[in-house]
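To keep things clear, I will list the structure first and then write my remarks on it.
Each chain gets a letter, A, B and so on, in the order the sequences are listed, and its residues count up from 1. Side chains included, hydrogens not; waters and symmetry mates left out as well; all remaining heavy atoms used.
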Amino acid sequence: MTNPPNNAAAGRASAAGPVITCQQLTKRFGDFVAVNGISFEVAAGEIFGFLGANGAGKTTAMRMLCGLLGPTEGAATVAGCDVFREPERIKQHIGYMSQKFSLYEDLTVRENIRFYGGVYGLKTAAIREKTTALLQRLGLAAERDTLVGSLPLGWKQKLAFSVALLHEPAVIFLDEPTGGVDPITRRQFWDLIYEAAARGVTIFITTHYMDEAEYCDRVSIMVDGRIDALDTPAGLKRQFGVASMDEVFLHLARGAKNVE
Amino acid sequence: MKSFLMFVRKEFYHIFRDPRTLLILFGMPVALVTLFGFALTNEIKNADVAVLDFDKGQHAQQVQHRLFSSGYFGLRDYATSYPDVAAAFRQGHVKLAVVFPVGFSRDLDHLGHAQVQLVADASDQNTAVSLVNYATAIIKTYEQEHTKRPAGAGPRVEAVARLYFNPGLKAAYTFVPGTMALILLLVSAMLTSITIAREKETGTMEVLLVSPMRQLPIIIGKILPYFLLSFINGLIILALGVWVLDIPQRGSLALLLAETLLYILVALTLGVLISTRAASQQTAMLTSMLSLLLPTLILSGFLFPLESMPLPLQTVSRIIPARYYIVILKGIMIKGLGLRELWRETAVLAGMAGGLLLLALGSLKNRLA
């Protein structure tokens, strides 16, 4: 799954090889090993599903890759930056969105865009230009001065996703982005994800919806801090001899010790 | 720097779009200062008095005139008999009765001394004592002016009291500094802790932490707007105190404002500290209220004198920031003191601000991530 690099972020990332690399990445909290020597690579423009039951270590792994948490051992790079030595530089090159959408409800659509643009150090002129383009693309031009709190959930979600991409990051981390959203809105949201991936943005997504796992290029499944399976959805189903991702997941997660 | 300015602008949006914040910020101080200044006063103004005058002489008239022109007492009833007086007290009409016995004026003229009876409603003992003291003082003064004491009438010791700094014993002198200390602390600490807790609750804090913005600018960006608004708040309370409640401003205004800024800083860092431990806005609000409101009310010397407290409580009161700020406020405004006399309190506040800031930043690093 490689796309012609058509923006700066993707160009930078693909020139340097894989966008995310992990070798034996480990995080211990005292005696507890939250993440136990995980290794994988994610290519530019790939949609990488990061699955696992609650308590399997997904969040800890993701926090390390976002530069929020220092790893104990191993090595990892994100967008060419070392997780150990340059956690702050990583933050320039990644976007992040969680289930909570992370927009300010008491700010208007435009103010939210301007704020996050400013936080990522974009120039005022660039912010203005991107705001117009973004609103046009999402069909939100008429709502630009509406408070985000009064927008429907689906719109908030799309807006949050677009805002997270405003600074053209090489990777976007999506932490259960579609939790609590109806299937139609979810489907529309995935259209946005595909669009972004087609532009060369690497998508790193966690989800509990197995139908969404099917949409990913490759899927990893974490159990007790280790990655127990990593392949394309079709490959995984073949490997475990089952018909759906649901069964793959259940098959692996049943053996888990650390379940919340 | 640009991201920092954006952040501050965003904070102002939050503040000006939330009527509750504005109400706490500006409504509460005005309401409380007015309340404490006017309603909750323990001074005596126009207390209702009944007069029972069996004398009807010139001196009795004169004494009454003095009493009612003092501003402390107001004539409510002209009683004609003791049962009248008793009835007035039972109905709660009057707080004090003054009884001039038959021959009061004659005795004063001829014997040089006479007796007046003061009857007070002691179900409210503080008021009763004050009323009796005020009335006694007025009557004494009259007596001294109108009797020519024969020379060599024996040695007398006379206590002449002079009430320094607040000769009128105005309650506002205590209430305004106390309220100011309380309000600035509560408003600053509560609002900052709530606003940070809100970002945690809505998940926006997570996004900020993943962004290139560092923690220190985030915290300063949170503090700065409230720093400015709390300062405006302080100015409003000061203006109310000086122009509406007649508190003097005898010391240096610059010093007063500088000390106020220092105190606000202490309050804001307390708010940040609370917010790093509170996961929700409710928790932040309750924690601020419980950990700041009561200790400040009780242990700052605002309502109850610290000197008469048991030693353990006195010791605890030393960590209450308001205690020092109240001393500073009274020192500058009422006594006209300068930094030379107030450096100790100032140093304590500065130490608190620095210590709390370090503590808050440390706590933030561990807890937000």
Original post:
Side-chain contact, heavy-atom cut-off 4.5 Å: B:Phe4 with A:Val119?
Top reply: no
Original post:
Are B:Tyr13 and A:Phe115 close enough that some pair of their side-chain heavy atoms sits under 4.5 Å apart?
Top reply: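 Of all side-chain heavy-atom pairs linking A:Phe115 with B:Tyr13, none is under 4.5 Å.
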Subject >> Audit row: A:Tyr120, B:Ser211, side chain to side chain contact (heavy atoms under 4.5 Å, CB included) steps and yes/no >> reply: CA-CA 7 Å; A:Tyr120 279 93; B:Ser211 83; 3.7 Å; yes
**OP:** To the nearest 0.5 Å, tell me how far B:Leu208 CG sits from A:Tyr96 OH.
**Re:**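 It is 11.5 Å, given to the nearest 0.5 Å.
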Original post:
Could you state the interatomic distance from OG (A:Ser102) to CD (B:Glu206), rounded to the nearest 0.5 Å?
Top reply: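 Those atoms lie 7.5 Å apart.
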Original post:
For chain A, which of B:Arg198, B:Arg9, B:Met213 has the most heavy-atom pairs under 4.5 Å?
Top reply: B:Arg9
Original post:
Is there a side chain to side chain contact (heavy atoms under 4.5 Å, CB included) between B:Lys10 and A:Leu107 once you walk through the steps?
Top reply: CA-CA 8 Å; B:Lys10 172 197 76 104; A:Leu107 262 56; 3.8 Å; yes
Subject >> From CA spacing to verdict: salt bridge (Lys or Arg N to Asp or Glu O under 4.0 Å), A:Glu88, B:Arg214 >> reply: CA-CA 8 Å; A:Glu88 293 301 327; B:Arg214 298 298 189 97; 3.2 Å; yes
Under 4.5 Å from any heavy atom of chain B, what part of [X] do you find: side chain, backbone, both or neither?
{"X": "A:Leu147", "value": "side chain"}
{"X": "A:Phe173", "value": "neither"}
{"X": "A:Arg89", "value": "neither"}

Subject >> Atom of B:Gly203, atom of A:Lys100 and distance for their closest heavy-atom approach >> reply: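 Heavy atoms only, the tightest pair is CA-CD, 3.7 Å.
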Original post:
Of the non-hydrogen atoms in B:Val210 and A:Ile94, which two are nearest, and what is the gap between them?
Top reply: CG1-CD1, 3.6 Å
Identify every side-chain donor-acceptor pair in residues 224-234 of chain B under 3.5 Å, counting partners at least two apart or on other chains, and give the distances.
from: B:Ser230; atom 1: OG; to: B:Ser188; atom 2: OG; distance (Å): 3.1
from: B:Ser230; atom 1: OG; to: B:Tyr226; atom 2: O; distance (Å): 2.7
from: B:Asn233; atom 1: ND2; to: B:Leu25; atom 2: O; distance (Å): 2.6

Subject >> Max heavy-atom pair count under 4.5 Å with chain B, selected residue of A:Ile90, A:Asp175, A:Thr124 >> reply: A:Thr124
**OP:** Just jot down the side-chain contact (heavy atoms from CB on, under 4.5 Å) partners of A:Thr131, sequence neighbours excluded, or say none.
**Re:**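 Listed in chain order: A:Arg110, A:Ile113, A:Ile127, A:Leu135.
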**OP:** Show your reasoning for whether salt bridge (Lys or Arg N to Asp or Glu O under 4.0 Å) applies to B:Arg17 and A:Glu111.
**Re:** CA-CA 13 Å; B:Arg17 283 176 194 176; A:Glu111 285 161 355; 2.6 Å; yes
**OP:** Walk me through it: do A:Asp106 and B:Asp18 pass the test side chain to side chain contact (heavy atoms under 4.5 Å, CB included)?
**Re:** CA-CA 8 Å; A:Asp106 55 346; B:Asp18 184 16; 5.7 Å; no
Original post:
Passes side chain to side chain contact (heavy atoms under 4.5 Å, CB included), A:Tyr104 versus B:Glu199? Steps please.
Top reply: CA-CA 9 Å; A:Tyr104 293 95; B:Glu199 298 239 9; 2.6 Å; yes
Original post:
Counting only heavy atoms not in B:Met285, do more than 12 fall under 6.0 Å of its CE?
Top reply: no
Original post:
Should the heavy atoms of other residues, nucleotides or ligands under 6.0 Å from CD of A:Gln188 be counted, would the total exceed 12?
Top reply: yes
